[in-house]
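Reckoned from all heavy atoms, side chains included, excluding hydrogens, waters and symmetry mates. Convention: sequence-line order gives letters A, B, ...; per-chain numbering from 1.
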There are 2 protein chains.
Amino acid sequence: MSSNSRPRLAAQSAVRSGPVPVELPTHWYHFLPDLPAPLPPVRDEGTPSAADIARQVRPRALLDQDRPSERWVPIPEPVADLLRRIGRPTPLHRARALEAELGTRARIYLKREDVLPTGSFKLNSAVVQAYYAAREGRTTLVTETGAGQWGMSVALAASLAGLDSEIFMVRCSLDQKPYRRHYMELLGATVRASPSPDTPFGRELLAQAPDHPGSLGTAISDAIGHALGLGPKAAYLSGSGVPHVYLHQTLLGLEVQAQLAALDEPIGVPGRGDHLIACSGGGSNLCGLIGPFLGSLGDGSRDLRLLAAESSAAPRLTAGSYRYGRSDLAGLTPEVLGYSMGPDFVPPPVHTAGLRNHHSSAVVSLLRHEGLLDAVAVEEKRALEAGRLVLRTEGLLFAPETTHALAAAIGVAERADQAADPVIVVLASGSGLLDLQSYDKVLSGGVR
Amino acid sequence: MSSNSRPRLAAQSAVRSGPVPVELPTHWYHFLPDLPAPLPPVRDEGTPSAADIARQVRPRALLDQDRPSERWVPIPEPVADLLRRIGRPTPLHRARALEAELGTRARIYLKREDVLPTGSFKLNSAVVQAYYAAREGRTTLVTETGAGQWGMSVALAASLAGLDSEIFMVRCSLDQKPYRRHYMELLGATVRASPSPDTPFGRELLAQAPDHPGSLGTAISDAIGHALGLGPKAAYLSGSGVPHVYLHQTLLGLEVQAQLAALDEPIGVPGRGDHLIACSGGGSNLCGLIGPFLGSLGDGSRDLRLLAAESSAAPRLTAGSYRYGRSDLAGLTPEVLGYSMGPDFVPPPVHTAGLRNHHSSAVVSLLRHEGLLDAVAVEEKRALEAGRLVLRTEGLLFAPETTHALAAAIGVAERADQAADPVIVVLASGSGLLDLQSYDKVLSGGVR
């Protein structure tokens with residue numbers, strides 16, 4: 001070929017080192033029937049009951065998706081379009097440079113949710129919930145947010161669906177994370193600090209404690225109370241902890257299954273020590289990843305370890321007690337059985353806001369209680385050091401929550417038998433670009 | 001199909017609304033011979049000459065790529081691997097929701113460089129330059145950065161290549177953009193404010209003006225001076241303005257050509273008003289996009305308009321004079337003929353640091369002078385309003401520099417004949433996630 005004539009492009013069938021393209025799944029997977037035991041009943045003794053409140057504030061289609069009648073729930077075509085538009089399926093990235101740095105024979109794959117427009121897997125459920133809210137004629141989405149990832153996702157989902165959004169953000173996070181607030185406001189969202197003087201719950205709390213820093217518990221109470229006040233035009237949405245969110249997030253595990261199949265990479269090979277690893281706060285990225293695999297674990301032909309990485313600042317799964325508790329302070333949600341630090345627990349002020357919950361979700365707790373799920377508590381500094389290592393080797397910067405899962409994965413790879421070559425899939429739940437200040441503070445990056 | 005059996009995945013050949021996959025180009029394209037006139041000679045009368053300095057501080061392979069002997073320059077396989085690893089080819093996104101919002105028949109495509117790990121197209125050249133520097137045994141990359149995008153890209157490229165990096169960042173930007181500094185330091189880069197007490201040039205300047213806020217001109221002078229001091233172990237890299245950077249960035253236009261072909265979307269159809277649009281600071285994203293198209297514009301069979309969006313704060317192409325000038329203050333670079341605001345010009349303090357240069361590149365200026373390139377100066381507030389509209393409709397947040405191109409594209413679409421249906425390709429050069437404070441300040445997002 002003359003060097004001055006146009007070279008032919010490499011054929012499409014050429015070997016690619018980039019991600020293998022797969023199609024968007026056509027269905028979500030209802031995995032609750034695959035749990036090793038039935039979910040314990042909730043306690044719901046308030047007046048009105050939490051179930052009555054939910055029927056007022058939540059879109060009916062979402063309540064139905066808490067107990068679907070089918071195992072495979074079809075994704076409506078407009079929702080599939082939205083999911084493609086935000087960039088699904090996301091890449092499954094083989095972390096070869098990290099493997100080389102660790103000197104491991106493990107093959108480490110990162111399911112890259114950081115590439116979504118809000119930089120977080122939370123968007124996967126937000127766009128679905130906004131769709132059903134709009135279809136039922138609700139015009140305002142109301143929710144709470146801790147660090148801001150869920151709030152950003154709801155603000156964007158509302159804008160794409162032509163809806164309004166009102167977001168209660170934990171007061172101390174609102175002050176610490178101005179970028180996430182700017183993002184929501186740029187999308188037209190109304191962002192309020194929690195505790196908020198605009199709700200009955202918040203007013204009462206502020207009268208007792210005017211400097212209250214807020215918590216996820218105050219923000220949930222503010223948001224549900226505000227949605228109740230707005231009436232039928234409002235929809236209250238949750239970012240985690242409830243079954244319909246887990247259902248939407250099963251895209252994570254389903255895409256991983258399709259991507260591993262396309263790579264001809266079986267997972268769960270007996271004796272090899274294969275792992276699925278995710279961080280666990282409210283449980284949605286963990287359940288979304290492992291849910292589609294649960295059905296195949298019962299018959300013993302597969303040897304696949306499930307590992308939850310939690311924060312050592314709120315070590316519910318590794319050091320909590322199994323008891324009834326709830327996530328909000330005002331008593332607007334039911335009590336569920338789960339691993340808990342107790343209702344009066346105040347976590348140390350870590351930067352990893354997404355893993356600071358005091359009570360673990362019922363589904364995650366049941367898996368743990370039945371011995372199907374391992375858990376490890378990771379200290380924040382060690383997590384962010386793992387994040388720095390992945391940045392320096394792979395060039396990818398992940399959120400503090402994700403780095404807890406990365407640290408757990410590095411631990412598994414380093415402890416693996418030298419003769420073993422396990423497949424390790426890590427759910428890389430979000431981007432760390434807006435968390436650079438946390439990295440800097442914890443690792444005290446030499447400011448010159 | 002029973003709803004409880006696993007649905008088949010949609011076939012790979014199904015129609016996809018997502019990006020069309022194409023392969024990474026195998027060659028860069030040397031487009032300078034396609035310019036409508038020869039590039040005017042530079043003026044290089046210093047002692048030592050700028051050419052001598054360049055031979056000391058720049059990798060030889062890069063100087064050779066300023067004047068390649070071939071039109072199609074093969075991409076070495078290790079570089080191609082790196083380019084795939086950072087996520088190339090990047091998606092070409094059809095902005096259907098924006099089109100609908102504008103009520104235009106134009107088809108608007110965004111070439112999404114925001115998805116790269118540093119959130120900017122600058123990484124495309126940084127990884128190539130780091131590769132050649134390492135191959136020639138240089139162990140420290142030295143450069144300057146204004147807003148920080150180029151600095152982030154060099155810091156990451158250095159880390160991936162196992163090299164050190166030292167980055168001089170304009171002092172006022174360093175204070176305003178702490179996240180970009182944290183990112184570079186997390187990667188192990190040494191970040192210094194310019195003017196810097198660590199270089200002869202900086203010391204002299206600070207002796208005269210201790211509070212000097214710095215500029216791209218001071219930072220280039222600091223960086224080249226520092227690289228000279230380090231000797232042969234150092235490589236000085238540029239992020240724009242020099243031919244080898246334009247060569248590396250031709251991936252942009254080449255990928256767009258392949259992607260439009262895969263979509264069966266011809267561009268340059270006579271009478272339709274098709275456009276290629278990019279913002280222009282140092283010219284590298286603009287030249288990278290339009291360079292591969294220049295050769296086909298001469299024979300009249302194609303009608304393709306090339307449009308540069310500049311900042312009204314430094315309107316060189318629309319209001320500057322065509323004269324010799326240079327980019328640094330210390331006289332370490334040659335004088336080139338280009339559109340200029342003059343060496344004493346001080347731009348107003350806009351947030352769009354990447355478009356604040358006082359002197360335009362020789363290549364961009366020649367295209368403008370010969371009538372091949374249109375230009376429009378965009379006021380920053382109007383640019384960020386365009387960015388907000390794209391966020392609200394498409395869900396994508398772009399950098400302030402990019403929003404100048406978006407505003408220009410919206411203007412073209414709105415002015416298009418109602419009967420026309422032009423194809424408009426916009427180079428979406430970078431992500432705006434780390435620029436949310438600028439959006440907030442300029443649009444005074446109602447902080448409640």
Report yes or no: do A/D222 and A/S196 form a side-chain donor-acceptor pair below 3.5 Å? no
Between A/H226 and A/F168, does the ring centre distance come in under 6.0 Å? yes
Per-residue tally against chain B (heavy atom, under 4.5 Å) across A/L186, A/L123, A/L397 peaks at A/L186
Hey, which of B/G395, B/P117, B/A157 has the most heavy atom pairs under 4.5 Å with chain A? B/G395
For A/Y179 together with B/Y179, are the ring centres under 6.0 Å from each other? yes
Do we see a donor-acceptor contact under 3.5 Å between the side chains of A/T90 and A/E113? yes
Select one option (side chain, backbone, both, neither) describing which atoms of A/Q257 are under 4.5 Å from chain B's heavy atoms. side chain
In terms of heavy-atom pairs under 4.5 Å with chain A, which of B/L391, B/L156, B/T118, B/L396 leads? B/L391
